[in-house]
Q: 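I have a structure here, written as structure tokens, and I will follow up with some questions on it.
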Amino acid sequence: MATILIIGAGENIGLSTAKRFANAGYKVALASRTKPAATAHKHFVFDASQPSSVPSLFAEVTSSVGPPSVVVYNAADRIATEDPLGLSLDDFQQTMAINSTSGFVAAKEAVKSWTQTGTKGTFIFTGNKLNVISYPSVLAFGMGKSAAASLIRSAALGYKEKGYKFYYVDERTDTGDPVALDRNGEAHAEHFINLAESVEQGPWLQTFVKGKGYKAFNDIHE
């Protein structure tokens, strides 16, 4: 039985993903600072602002649930400031750790596990449109998402021959606008499982529309 590890397991996308994959027969491991209220799945206390703790998380999950063949990195940190450069250094380092650095370490640990187990795994990063547009009030949030998108693009290319799949998933409206805070957990979960169960690497940038699936938008660096 395959295992999915969901890092940043909140009430919306996290639990919807857990439910969808569990219904498909996966064992589920959830990782977040606090355990979601309505879940019976195995939970691991994890703080994404501490990238050095990621290897220990993977070791614990592998030992008590199983080596994850699917990893969803859903952790995020958004701090808004009126001045684009008004974020303190401590807050900047924290948001970058959560939005990109811990994702980088999680991808390394996923590849390490897949190499050891001979698994052709899938790594999914929950993104948004900030890799191609800018909102000055959340400069650091956009920097983190842009870094993560670069990570996913490079990993998808670099590990394609090994059969490891990497995706940056971004829900949009039908016209290509960001859904912002109106993200649909069930739609994400359905898109995630389709990516996990596909054999070949698809487009690394997975823009999708609820109820319609993948849809490409010609908006690179608007």
Side-chain angles (χ1 to χ4, degrees), residues 1-44 46 48 61 65-66 68-78 98-99 103 106-107 110 121-133 141 144-145 148-149 152 156 165-217 219:
M1 185 181 295
T3 298
I4 179 173
L5 168 59
I6 304 168
I7 301 174
E11 302 286 344
N12 185 23
I13 295 174
L15 289 191
S16 294
T17 300
K19 180 179 179 181
R20 181 65 181 88
F21 276 77
N23 288 342
Y26 283 73
K27 293 184 290 183
V28 176
L30 306 177
S32 56
R33 284 177 293 182
T34 57
K35 183 178 180 178
T39 182
H41 297 298
K42 180 71 173 178
H43 178 263
F44 300 83
F46 173 73
V61 170
V65 183
S69 59
V70 179
V71 178
V72 173
Y73 191 87
N74 187 53
D77 185 51
R78 178 184 179 276
I98 295 171
N99 293 318
T122 305
F123 188 94
I124 299 171
F125 190 100
T126 305
N128 57 29
K129 201 178 178 181
L130 283 175
N131 63 311
V132 292
I133 61 173
F141 189 36
K145 293 297 186 182
I152 295 301
K165 298 174 295 177
F166 291 83
Y167 296 105
Y168 180 95
V169 177
D170 172 14
E171 184 184 2
R172 303 281 188 88
T173 67
D174 201 38
T175 57
D177 293 322
V179 295
L181 299 180
D182 293 326
R183 295 170 299 173
N184 186 280
E186 292 183 357
H188 275 81
E190 191 63 31
H191 198 67
F192 289 168
I193 199 162
N194 288 339
L195 294 175
E197 297 191 344
S198 64
V199 176
E200 302 291 336
Q201 170 77 49
W204 69 270
L205 179 56
Q206 283 286 317
T207 45
F208 80 98
V209 177
K210 181 180 69 174
K212 297 183 178 180
Y214 173 72
K215 182 175 181 179
F217 295 96
D219 58 11

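By convention here, the first residue in the shown sequence is residue 1.
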Q: Between F46 and A31, which heavy-atom pair has the shortest distance, and what is it?
A: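 Shortest heavy-atom separation between F46 and A31 comes out as CB-CB, 4.0 Å.
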Q: Would you say the side-chain atoms of E190 pair up with the backbone N or O of K210, donor to acceptor, closer than 3.5 Å?
A: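 Checked: no pair found.
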Q: Quick one: sort the F21 and Y26 rings into parallel, tilted or perpendicular, breaks at 30° and 60°.
A: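 Perpendicular, since the angle between the ring planes exceeds 60°.
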Q: Could you go through the side-chain contact (heavy atoms from CB on, under 4.5 Å) check for N131 and L205 one step at a time?
A: CA-CA 10 Å; N131 63 311; L205 179 56; 4.0 Å; yes
Q: Taking all non-hydrogen atoms of both residues, which atom of H41 and which atom of K35 are closest, and how far apart?
A: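 Nearest heavy atoms, H41 then K35: O-CE, 4.1 Å.
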Q: Out of curiosity, I13 CD1 to E171 CD, how far, rounded to the nearest 0.5 Å?
A: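 So the gap between those two atoms works out to 7.5 Å.
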Q: Report yes if the distance between the aromatic ring centroids of H188 and F208 is under 6.0 Å, otherwise no.
A: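 Distance test on ring centres: under 6.0 Å, yes.
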Q: Do R20 and E186 sit within salt-bridge range, that is, some charged N less than 4.0 Å from a carboxylate O?
A: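 No.
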Q: Kindly give the heavy-atom pair with the smallest separation between T173 and P178, and that separation in Å.
A: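 What the structure gives for the nearest pair is CG2-O, 4.2 Å.
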Q: How long is the straight-line distance from OG1 of T207 back to CG of N128, given to the nearest 0.5 Å?
A: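 One finds 12.5 Å between CG of N128 and OG1 of T207.
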Q: Once rounded to the nearest 0.5 Å, what's the spacing between atom CH2 of W204 and atom CZ of F166?
A: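 That separation rounds to 13.5 Å.
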Q: Quick check: closest heavy atoms across A149 and Y168, and the distance to 0.1 Å?
A: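 Distance-wise, the nearest heavy atoms are CA-CD1, 3.7 Å.
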Q: Quick one: does any side-chain atom of K165 pair with a main-chain N or O of G202 as donor and acceptor, under 3.5 Å?
A: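 No; judged by distance alone, with no hydrogens or angles, the pair does not exist.
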Q: Answer whether the closest heavy-atom distance between the side chains of R172 and K215 falls below 4.5 Å.
A: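 Contact flag for R172/K215 side chains = no.
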Q: Determine the minimum heavy-atom distance between A29 and V65, stating which atoms define it.
A: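 Scanning both residues completely, I find the closest heavy atoms to be CB-CG2, 4.2 Å.
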Q: State, yes or no, whether a side-chain contact exists between I6 and L15 at a heavy-atom distance under 4.5 Å.
A: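 Side-chain contact under 4.5 Å: no.
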Q: Is there a side-chain contact between I4 and V72 in this structure, where contact means two heavy atoms from C-beta onward sitting under 4.5 Å apart?
A: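 Of all side-chain heavy-atom pairs linking V72 with I4, at least one is under 4.5 Å.
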Q: Looking only at non-hydrogen atoms, find the nearest pair between K27 and G66 and report the distance.
A: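 The pair with the smallest heavy-atom distance is NZ-CA, 4.2 Å.
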Q: What distance separates R183 CZ from N12 CG, expressed to the nearest 0.5 Å?
A: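 That separation rounds to 6.5 Å.
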Q: Could you tell me if H43 and S32 have a donor-acceptor pair between their side chains, going purely by distance under 3.5 Å?
A: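 H43 and S32 do have a side-chain donor-acceptor pair below 3.5 Å.
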Q: Could you state the interatomic distance from CZ (F125) to CG (N74), rounded to the nearest 0.5 Å?
A: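 Between atom CZ of F125 and atom CG of N74 there are 9.0 Å.
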Q: With a 3.5 Å distance limit and no angle check, can you tell me whether K145 reaches the backbone of T126 through a side-chain donor-acceptor pair?
A: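 Yes, K145 side chain to T126 backbone: donor-acceptor pair under 3.5 Å.
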Q: Using 0.5 Å steps for rounding, measure from the CG atom of N23 to the CD1 atom of I193.
A: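 Rounded to the nearest 0.5 Å, the CG-CD1 separation comes to 8.5 Å.
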Q: For F44, does the six-membered ring have the charged nitrogen or CZ of K42 within the cation-pi criterion, i.e. under 6.0 angstrom from the centroid and within 45° of the normal?
A: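 Yes.
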